[in-house]
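Reminder, nothing fancy here: chain letters follow the sequence lines and each chain counts from 1.
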There are 2 protein chains.
Amino acid sequence: MSKIMKSKFRSNCPISSALDVIGDKWSLLIIRDMMFADKKTYSDFSKSAEGIATNILSSRLLMLEQLGIINKGKLEGNKKTNIYSLTQRGQELLPIILEIAQWSDNNLNEHLKDGAKPFVNKFKSNKDDFIKNMYQYFATR
Amino acid sequence: MSKIMKSKFRSNCPISSALDVIGDKWSLLIIRDMMFADKKTYSDFSKSAEGIATNILSSRLLMLEQLGIINKGKLEGNKKTNIYSLTQRGQELLPIILEIAQWSDNNLNEHLKDGAKPFVNKFKSNKDDFIKNMYQYFATR
DNA sequence: GTTATTACTTGCATATTGCAAGTTATTAAT
DNA sequence: ATTAATAACTTGCAATATGCAAGTAATAAC
């Protein structure tokens with residue numbers, strides 16, 4: 001039972017292929033936590049509100065790492081805790097996630113967390129600036 | 001065995017809730033076909049390159065209809081063929097799909113269909129205009 | 001040295017998806 | 001008017017993915 005991804009793409013359509021890679025139930029939520037909640041460690045992710053199972057978390061982190069979406073590293077002086085971080089490729093998922101948030105705000109807003117609304121509004125008012133600022137923020141941590 | 005959706009949201013996070021709704025393996029591909037390939041009927045969708053199983057197609061169309069993302073109708077004089085179309089809510093998924101296409105172009109381009117590249121490039125060059133034109137196009141058909 | 005933490009793995013139950021083969025109601029062809 | 005073909009499904013079962021509870025091994029903290 002190898003952990004190696006099967007890399008089976010359903011077609012050569014770019015949209016379909018992207019969904020083959022990040023279109024599962026959990027990957028984008030892990031990315032979201034890294035982007036907006038500054039989560040970095042296995043136990044950080046396992047504590048998120050949606051309650052990802054640890055076996056799934058483990059397999060997704062490995063998959064995302066193999067895809068070059070996240071990096072796995074350590075802090076000096078600590079051999080226990082793994083620190084996961086977004087690669088460039090992972091950071092570039094930001095616009096997708098923000099558009100999802102906006103759609104949700106427009107169409108499912110009964111489910112919208114109170115704290116998220118100003119965030120989405122700021123994105124709507126100037127998307128390019130908002131994204132640029134977020135990339136800046138990613139770079140400084 | 002009712003076909004009624006379970007409406008179980010994992011959390012009150014807008015991103016998570018949106019993914020609970022459109023984050024499965026097939027929904028966005030059906031939407032993609034409606035947007036870019038002008039597909040409208042059950043058999044149109046069942047013929048797409050990714051090969052969706054008919055039982056899954058059936059359950060997704062019902063779910064998308066119940067969510068107000070698509071409409072199900074008929075043409076006058078034809079009692080057989082169902083015509084599915086995007087609602088406003090469904091059309092608003094366009095920016096998400098385009099950002100996914102762009103990410104794929106930047107990061108998985110070995111899988112990119114030849115024909116898709118100019119399309120993505122045009123989107124990149126002016127996103128707002130591109131989206132506006134697409135909405136216009138949706139309105140005229 | 002004992003206990004707690006971190007990052008997992010394992011086994012098994014449940015849920016979702018995939019595949020092949022029906023079924024029913026129309027519409028088209030002869 | 002039959003017969004055949006098409007459209008939109010449903011059904012049953014296999015395969016895969018996810019969910020849940022419990023372990024385990026290696027640090028790190030006390």
Using atom CG of L75(A) as one end and atom P of dT5(C) as the other, report the distance to the nearest whole Å. 19 Å
Name all residues meeting the side chain to side chain contact (heavy atoms under 4.5 Å, CB included) criterion together with N71(B); count only those two or more places apart in sequence or in a different chain, and write none if there are none. S85(B), T87(B)
Give a yes or no on this: more than 12 heavy atoms of other residues, nucleotides or ligands lie within 6.0 Å of atom NZ of K79(B). no
By salt bridge (charged side-chain N to carboxylate O under 4.0 Å, His left out) - contacts of D44(B) (at least two apart): none
Salt-bridge test for R32(A) and E50(A): reply yes if a basic N is under 4.0 Å from a carboxylate O, no otherwise. yes
Send over the distance from I30(B) CD1 to dT17(C) P, rounded to a whole Å. 11 Å
Tell me whether the centres of the aromatic rings in F130(B) and F119(B) are closer together than 6.0 Å. yes
Would you check if the side chain of R10(B) reaches a backbone N or O of L19(B) as a donor-acceptor pair within less than 3.5 Å? no
Please list each protein N or O that sits under 3.5 Å from an N or O in nucleotides 28-30 of chain C, with the distance.
none

To the nearest Å, give me how far apart CD1 (I56(B)) and C1' (dC13(D)) are. 13 Å
Over 12 foreign heavy atoms within 6.0 Å of CG, D38(A): yes
Judged by atom type as modelled, is there a donor-acceptor pair below 3.5 Å linking the side chain of Y42(B) to the main-chain atoms of T54(B)? yes
Rounded distance in Å - CG (L57(B)) to P (dC19(C)): 14 Å
On DNA chain D, more 5' by nearest nucleotide between R60(A) and K72(B) is K72(B)
Keeping S17(B) on the side-chain end and P14(B) on the backbone end, is there a donor-acceptor pair under 3.5 Å? no
Report yes if a side-chain nitrogen or oxygen of K25(A) is closer than 4.0 Å to either non-bridging phosphate oxygen (OP1 or OP2) of dT16(C); otherwise report no. no
Counterpart base for dC30(D), defined by Watson-Crick or G-U wobble contacts under 3.5 Å: dG1(C)
Are N133(A) and K122(A) close enough that a side-chain donor and a side-chain acceptor fall under 3.5 Å? no
Residue N82(A), side-chain atoms from C-beta onward, closest of dT10(D), dG18(C), dA7(C): dA7(C)
Specify the residue among N55(A) and T41(A) whose closest nucleotide of DNA chain C lies further upstream toward the 5′ end. T41(A)
Between atom CZ in R10(B) and atom P in dT18(D), what is the gap in whole Å? 10 Å
So which protein N/O to nucleotides 27-30 of chain D N/O distances come out below 3.5 Å?
unit_1  : atom_1 : unit_2 : atom_2 : d
dT27(D) : O2     : K80(A) : NZ     : 3.3
dA28(D) : OP1    : N78(A) : OD1    : 3.1
dA28(D) : OP1    : K79(A) : N      : 2.3
dA28(D) : OP1    : K80(A) : N      : 3.3

Partners meeting side chain to side chain contact (heavy atoms under 4.5 Å, CB included) with A49(A) (sequence neighbours left out): S11(B)
Rounded to whole Å, how long is the line connecting atom NZ of K39(B) with atom C1' of dA8(D)? 16 Å
Provide, to the nearest angstrom, the distance between the CG atom belonging to D24(A) and the P atom belonging to dT16(D). 17 Å
In this structure, are over 12 heavy atoms from other groups packed under 6.0 Å from K132(A) atom NZ? no
Among residues 43-53 of chain A, which contact DNA chain D at a heavy-atom distance under 4.0 Å? A53(A)
Kindly say if W26(B) contacts the phosphate of dT16(C), meaning a side-chain N or O under 4.0 Å from OP1 or OP2. no
I need the NZ-P distance between K40(A) and dT5(C), as an integer number of Å. 20 Å
